[in-house]
Amino acid sequence: MAQSVKGTRDLFGNDVRWFQHIEESARRVFHRHGYEEIRTPILEEIEVFKRSVGESSDIVHKEMYDFMDKGNRHVVMRPENTAGVVRAAIQHKLLINNDPRLLFYVGPQFRYERMQAGRYRQFWQIGAESFGVATPESEAESLLLLFEFLHELGLKHLQLSINSVGTSECRPAFHAAIRAFFEARQERFCADCHRRIQENPLRVLDCKVPGCQEALEGHPLITDHLDEASRAHHERLKALLSAMDIPFVENPRLVRGLDYYSRTAFEVLSSDLGAQSALLGGGRYDGLVKQLGGPDTPAFGWAIGLDRLAILMQALHGDAPVQAPAVLIPLGDAATLKAFELVRQWWAQGCRVQLETRNANLKKAMTSANRLGAGMALLLGDGELEKGVLTAKNLSTGTQEEWLLEDVAAKLRA
RNA sequence: GCGGCUGUAGUUCAGUUGGUUAGAGCACUGGAUUGUGAUUCCAGGUGUCGAGGGUUCGAGUCCCUUCAGCCGCCCCA
């Protein structure tokens, strides 16, 4: 029997209901804030990611779904969506004046990784990207949007961690400080950290090995090495978040796995997600647009895991709310013709009605209406036709009554 | 990419030191009831024991390979 490809899954029933619920919330909030949706291709040329996410990142050097297509192009199924959005924004000249440009996306992403709970090879992200504005105010707006969204979903008590990773001007000095600190006690660090200190020294800071965390005691703080502009930026963002009552903690060891971040970096973890605890992450990426060949454009954004949001929603609220339609069951040829006429009117008025089209006996029709979870069964036979009514049976209480045909639409919507 | 565990009906699971025809609850199908579901009663097992190979007189059970899932590492959403 054919099976879905390893690491991919079919979404249906309760899962897809949660996905829809989450996406609808997101779209509502994005539209309120003036964000426009953008949909970029799943396939991108490999260079888009090598030049943005960074060759030293795990995403690029071990997790990409890449292949040669029939035209001998080296393509990748996108492992994240920011690089593609930036590529598209440059290609279509959306960023030429450095006007604010607010974009969001919802879509599947692909990383070739070992399966684990909450980690799939095809997973979904919702993301927000804010282009053209370098201020901490634009970051506060984006984070406020994010927390409005989380609040609409009923998710509270999530802890926002923030840090500043500085800029390309002040980072070299910090790298030097970290290297000096590392070399003085290198025998205490794990093998991975020895690799990281060469490739991306910041990543030593968030090594999960307990020994490394202990060895990091007293490590130089990037916040002590920020230049004046970055330090002021960071302080201003913290003041704005406090003023907006968005709770956060400062985590000087927070480093993100993508190379393009500058200044603000942040993430939210959840203890309800097991080992794959990252729910969302983001930050400022002022150099990326230029790096990919566009105008020098500041930018800030985040991405949240839809699959993991759905896990949290299920844990917090149980099954997704479901509104099953009423079922109209016609009995006999004359009633069937009349039923088509009726449902067309009801549908036009926005009523949720499913038409029984099997010409089956009533018992069978009632049985499947019940299994479907329908609230109402609407029976239309010759007797009802003559009187201009139908028999409406409430399937949860078992009571039934006659409704005038002209009243049905109003009663269904009540 | 590394380590550990699991896989039996639609589903949740049982199945003894390897031993006859692989079982149970729920679900499902038919009937009691051809204009009434859910509830009740009666009847029905619906299976390539994940797949392939091996050991054996004999394999759901032991061995190897493989596929899939779960848990952890790495990483991240």
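Each chain gets a letter, A, B and so on, in the order its sequence line appears, and its residues count up from 1.
Base contact: A:Leu379 has a heavy atom under 4.0 Å from a base atom. Using a 4.0 Å heavy-atom criterion, one finds that A:Gln400 contacts the bases of the nucleic acid, with or without backbone contacts as well. Across all strands shown, A:Ser368 has no heavy atoms under 4.0 Å from either base or sugar-phosphate atoms. Contacts of A:Asp382 with the nucleic acid, taken as non-hydrogen atoms under 4.0 Å apart, include base atoms. Base contact: A:Leu362 has a heavy atom under 4.0 Å from a base atom. Counting any heavy atom pair closer than 4.0 Å across all strands shown, A:Ala278 reaches a base atom.
Across B:G44 and B:C62, the matching P atoms stand 34 Å from one another, rounded to whole Å. Spacing between B:G54 and B:A59 at atom C1', rounded to whole Å, works out to 11 Å. Comparing B:G15 with B:U21, their C1' atoms sit 15 Å apart, to the nearest whole Å. Taking atom P in both B:U20 and B:G4, one finds a spacing of 34 Å when rounded to whole Å. With C1' as the reference atom, B:U8 and B:U33 are 37 Å apart, rounded to whole Å. Across B:U56 and B:A9, the matching P atoms stand 30 Å from one another, rounded to whole Å. Spacing of C1' atoms, B:G23 relative to B:A14, comes out at 7 Å, to the nearest Å. Taking the P atoms as reference points, B:G25 lies 22 Å from B:G7, given to the whole Å.
Of the N and O atoms on the side chains of A:Glu384 and A:Thr391, at least one donor lies less than 3.5 Å from an acceptor on the other residue. Side-chain atoms of A:Trp18 and A:Gln314 include a donor-acceptor pair closer than 3.5 Å.
For A:Glu113 against B:A77, a side-chain N or O and a base N or O form a donor-acceptor pair under 3.5 Å. One cannot find a donor-acceptor pair under 3.5 Å joining the base of B:C67 and the side-chain atoms of A:Lys6. Taking 3.5 Å as the limit, the base of B:C76 and the side chain of A:Arg308 contain a donor-acceptor pair of atoms between them. No hydrogens or angles were tested; on distance alone, a donor-acceptor pair under 3.5 Å links the side chain of A:Lys393 to the base of B:G37. Put simply, the side chain of A:Glu384 and the base of B:G35 share a donor and an acceptor less than 3.5 Å apart. In the interface, the side chain of A:Arg371 is not paired with the base of B:C28 through any donor and acceptor atom under 3.5 Å apart.
Comparing A:Gly7 and A:Leu269 along RNA chain B, the residue whose closest nucleotide (by nearest heavy atom) sits nearer the 5' end is A:Gly7. With the nearest nucleotide of RNA chain B identified for both A:Ser4 and A:Ala303, A:Ser4 has the one nearer the 5' end.
Looking only at side-chain heavy atoms (C-beta outward), A:His234 and A:Thr223 come within less than 4.5 Å of each other.
Between the CD1 atom of A:Ile329 and the C1' atom of B:U34 there is a distance of 15 Å, rounded to whole Å. What separates OH of A:Tyr120 from P of B:G69 is a distance of 10 Å, to the nearest Å. With rounding to whole Å, A:Met64 atom CE is found 15 Å from B:C76 atom P. The distance between atom CE of A:Met115 and atom P of B:G7, rounded to the nearest whole Å, is 18 Å. Residue A:Ile311 contributes atom CD1, which lies 10 Å from atom C1' of B:A77 at whole-angstrom precision. At whole-Å resolution of the value, CG in A:Leu279 and P in B:A77 are 11 Å apart. Rounded to a whole Å, the NZ atom of A:Lys363 is 8 Å from the P atom of B:G31. Taking atom CD on A:Gln276 and atom P on B:C76, their separation rounds to 11 Å, with Å as the unit.
Distance from the side chain of A:Asn370 is smallest for B:G37 among the nucleotides B:G37, B:C76, B:C74. Of the candidates B:G35, B:A68, B:C70, the closest approach to any side-chain atom of A:Arg114 belongs to B:C70. Between B:G37, B:G35, B:C76, one nucleotide has an atom nearer to the side chain of A:Thr367 than all others, and that is B:G37. In the set B:C74, B:A77, B:C71, the nucleotide with an atom closest to the side chain of A:Arg111 is B:A77.
Residue A:Gln116 places at least one side-chain N or O under 4.0 Å from the OP1 or OP2 atom of B:G72. For the OP1/OP2 pair of B:G1 and a distance below 4.0 Å, the side-chain nitrogens and oxygens of A:Lys62 include no atom meeting the criterion. Within the structure, every side-chain polar atom (N or O) of A:Lys364 is placed at least 4.0 Å from both OP1 and OP2 of B:G35.
Figure legend: A:Arg121 and A:Tyr112 shown as a cation-pi pair, the cationic atom lying under 6.0 angstrom from the six-membered ring centre and within 45 degrees of its axis. Seen from the ring of A:Tyr105, A:Arg39 does not count as a face-on cation partner, given the 6.0 Å and 45° thresholds. Judged by the 6.0 Å and 45° rule, A:Arg185 forms a cation-pi pair with A:Phe181.
Ring orientation note: the planes of A:Phe182 and A:His194 are nearly perpendicular, at an angle over 60° on the 30°/60° scale.
Residues A:Tyr261 and A:Phe266 place their aromatic rings such that the two centres sit no closer than 6.0 Å.
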Report, one line per pair, each donor and acceptor closer than 3.5 Å where one atom sits in a side chain of residues 325-342 of chain A; sequence neighbours left out.
residue  : atom : partner  : partner atom : Å
A:Thr336 : OG1  : A:Gly332 : O            : 2.8
A:Lys338 : NZ   : A:Glu341 : OE2          : 3.3

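With sequence neighbours excluded, no residue forms a salt bridge (Lys or Arg N to Asp or Glu O under 4.0 Å) with A:Arg17.
The aromatic ring of A:Phe123 sits over the base of B:A77, with ring centres less than 5.5 Å apart and planes tilted by under 30°.
Heavy atoms only, all atoms of each residue included: A:Leu312 and A:Ser270 are closest at CD2-OG, 3.5 Å.
Stem analysis of RNA chain B (Watson-Crick or G-U pairs, both distances under 3.5 Å, runs of at least three) returns B:1-7 with B:67-73, B:10-13 with B:23-26, B:28-32 with B:40-44, B:50-54 with B:62-66.
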